Amino acid sequence: MGYEDMLVQAFQILSRDVQLLSIYRNNFRFIHVDDVQSFPFVAHILLKLLSEEASSVCMFMDEAKYTHPYRCAFPNALQDFSRSYQGSQ
């Protein structure tokens, strides 16, 4: 099982189990993502699910690494940040 497969499985579990999702949402009020340029699209979907009630989402990107995109990466997340994570700055 690869990294993306584990993320998909985590998303599926949390999508089906509202009580478990609530536990994770309540325990992680602040979310920090580093190296977002290599973050796969499915990770953004999972992050969005987890951060719906989060007080703050913070993303960092290394522009030097952005010139060499990773397989399955979704670097547009920073461009869509304010729309995807409303309430975060």
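Quick note: numbers below take in every heavy atom, side chains included, and nothing from hydrogens, waters or symmetry partners. Computed from a prediction, not measured in an experiment: that's the story for all the values here.
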Supply the atom-to-atom distance [X] [atom1] to [Y] [atom2], rounded to the nearest 0.5 angstrom.
X	Y	atom1	atom2	value
Arg16	Phe11	CZ	CZ	10.5 Å
Leu21	Glu52	CG	CD	7.5 Å
Ile31	Lys48	CD1	NZ	13.0 Å

Legend entry - Test item: Ser15 and Leu49 side chains (from C-beta on) under 4.5 Å apart, heavy atoms: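 Yes - at least one pair of side-chain heavy atoms lies under 4.5 Å apart.
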
Legend entry - Val33 side chain near Cys58 side chain, heavy-atom distance below 4.5 Å: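 Val33 does not reach Cys58 side chain to side chain.
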
Legend entry - Heavy-atom closest pair, residues Arg25 and Leu50: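 That closest heavy-atom pairing would be CG-O, 3.3 Å.
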
Inset, instruction - Indicate the atoms forming the closest heavy-atom contact of Asp17 with Leu20, along with that distance. - result: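 Smallest heavy-atom distance, with atoms named: OD1-N, 3.0 Å.
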
Inset, instruction - Decide side-chain contact (heavy atoms from CB on, under 4.5 Å) for Val8 and Ile45; before the verdict, give the C-alpha distance in whole Å, the side-chain angles of both, and the deciding distance to 0.1 Å. - result: CA-CA 9 Å; Val8 168; Ile45 303 271; over 6 Å; no

Inset, instruction - Check the hydrophobic clustering (I, L, V, M, F, W, Y; side-chain heavy atoms under 4.5 Å; chains of links allowed) and say if Ile13 and Ile23 are grouped together. - result: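 Looking at the clustering, Ile23 is in a separate group from Ile13.
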
Legend entry - Leu14-Phe41 co-clustered via ILVMFWY side chain contacts under 4.5 Å: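 Leu14 and Phe41: one cluster.
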
